[in-house]
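Here's the structure we're looking at; comments come further down.
We're numbering straight along the sequence, starting at 1. First listed ligand is number 1; within each ligand, the first listed atom is number 1. Here the structure is a predicted model, which is why all the values come from computation and not from measurement.
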Amino acid sequence: MSAWLTTRVVENRHWTESLFSLRVEGAQLRFQAGQFVRIALDVGGERVARAFSFVNPPDDPMLEFYGVIVPEGLLSPPLARLKAGDELYVAPNPAGFLILAEVPDGETLWLISTGTGLAPFLSILRTPTPWQRFRNVVLVHAVRHARELVYRDVISATPAKYVSFVSREAAPGSLAGRIPAAIADGRLEAAAGVALTAANSHVMLCGNPQMLKDVQAALALRGMKKHRRRAPGHITVESFW
Ligand SMILES: Cc1cc2nc3c(=O)[nH]c(=O)nc-3n(C[C@H](O)[C@H](O)[C@H](O)COP(=O)(O)OP(=O)(O)OC[C@H]3O[C@@H](n4cnc5c(N)ncnc54)[C@H](O)[C@@H]3O)c2cc1C
Ligand SMILES: NC(=O)c1ccc[n+]([C@@H]2O[C@H](COP(=O)([O-])OP(=O)(O)OC[C@H]3O[C@@H](n4cnc5c(N)ncnc54)[C@H](OP(=O)(O)O)[C@@H]3O)[C@@H](O)[C@H]2O)c1
């Protein structure tokens, strides 16, 4: 049984009808950028908990989570309805391996996300480590519609090269289509202005599980494979479902 921490919502920002960011205070948690924690609400008399990645860097005492409403889901619809002053339960034990401590040194770090999979990379980008360890850091964010390209102010305040994809409408400044196709035909490297090779790159992936598979297949054609402690490779992944 985890002893739940009771926190209070400070702000629930709605970016679109389905995307929201919760800022909460009241929990002093130790975690590494890229990790997640379970958050919970009581729904119909049951405590419903789900994993959420920290958006905030570890030294920020205000916790932040970025979510999408899954209409048929149990937790995300009531989370999206929370208002300033409401209670939110947070587990005391952050976890997860999508962290730079698990990543070998290299020249270029690629942080590749779809949808809310952007969240852990926003935390990582706001720590000093990527800039100390990599010459290039490329953040890739793929969404269906341009209005879902969120946290632009946070991203542009970092030195990361930013490449966005918008798949379901024409969007100036963003690539069209999906990430795996743009790896295969070289458009991703051209947009980032850096090479994506087994010799120079490590890739962290987060978001839609089918995207994780398809990107890994595209990277396998470049000789890249999953990184394991005992068998070093080039790819670190976290699936959101
Ligand atoms: C390690 C980890 C970290 C996570 N971090 C985040 C996060 O930072 N932000 C976030 O929104 N979610 C995150 N998730 C997913 C989150 O835990 C919930 O699954 C999600 O909020 C939906 O909860 P639900 O109860 O409404 O629906 P669930 O019953 O949990 O999910 C129902 C279905 O919704 C879809 N789905 C679930 N999550 C997402 C999503 N994020 N985007 C699109 N479709 C989804 C899947 O098809 C899933 O089968 C994370 C999951 C894991 C395992
Ligand atoms: N985003 C919304 O407007 C919206 C609205 C209401 C509810 N929702 C809920 O949120 C869920 C997910 O929505 P989401 O938009 O956040 O996430 P998503 O479906 O994962 O889409 C995000 C991006 O990932 C791309 N993608 C999907 N599968 C891929 C693959 N195999 N390889 C590479 N790229 C891939 C999508 O491209 P494609 O467009 O080509 O699929 C899109 O550009 C929905 O199922 C729904 O429950 C979303």
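Here F52 has heavy atoms under 4.0 Å from ligand 1 in both its backbone and its side chain. With a 4.0 Å heavy-atom cut-off, ligand 2 is reached by the side chain of R168 but not by its N, CA, C or O. Counting heavy atoms closer than 4.0 Å to ligand 2, residue R178 contributes side-chain atoms (C-beta onward) but none from N, CA, C or O.
By the salt bridge (Lys or Arg N to Asp or Glu O under 4.0 Å) test, D60 pairs with no residue at all, sequence neighbours left out.
Using a 4.0 Å cutoff on heavy atoms, P120 does not count as a contact of ligand 1.
Contact check on E102 versus R229 returns a salt bridge, with a Lys/Arg side-chain nitrogen under 4.0 Å from an Asp/Glu carboxylate oxygen.
In terms of polar-atom proximity, defined here as any N/O pair under 3.5 Å, A51 does make such a contact with ligand 1. For W241, no nitrogen or oxygen atom sits less than 3.5 Å from a nitrogen or oxygen atom of ligand 2, counting backbone and side chain alike.
Each of the atoms 11 (O) of ligand 1 lies under 4.0 Å from some heavy atom of G67.
Nearest-residue assignment for atom 15 (C) of ligand 1 (options F54, W241, F240; heavy-atom criterion): F240. With atom 42 (N) of ligand 1 as the reference point, the heavy atom nearest to it among V48, V37, L19, V68 is part of V68. Residue nearest to atom 10 (O) of ligand 2, selected from N208, L118, V68, T16: V68 (by heavy-atom distance). Of the listed options F65, F97, Y66, Y66 places a heavy atom closest to atom 9 (N) of ligand 1.
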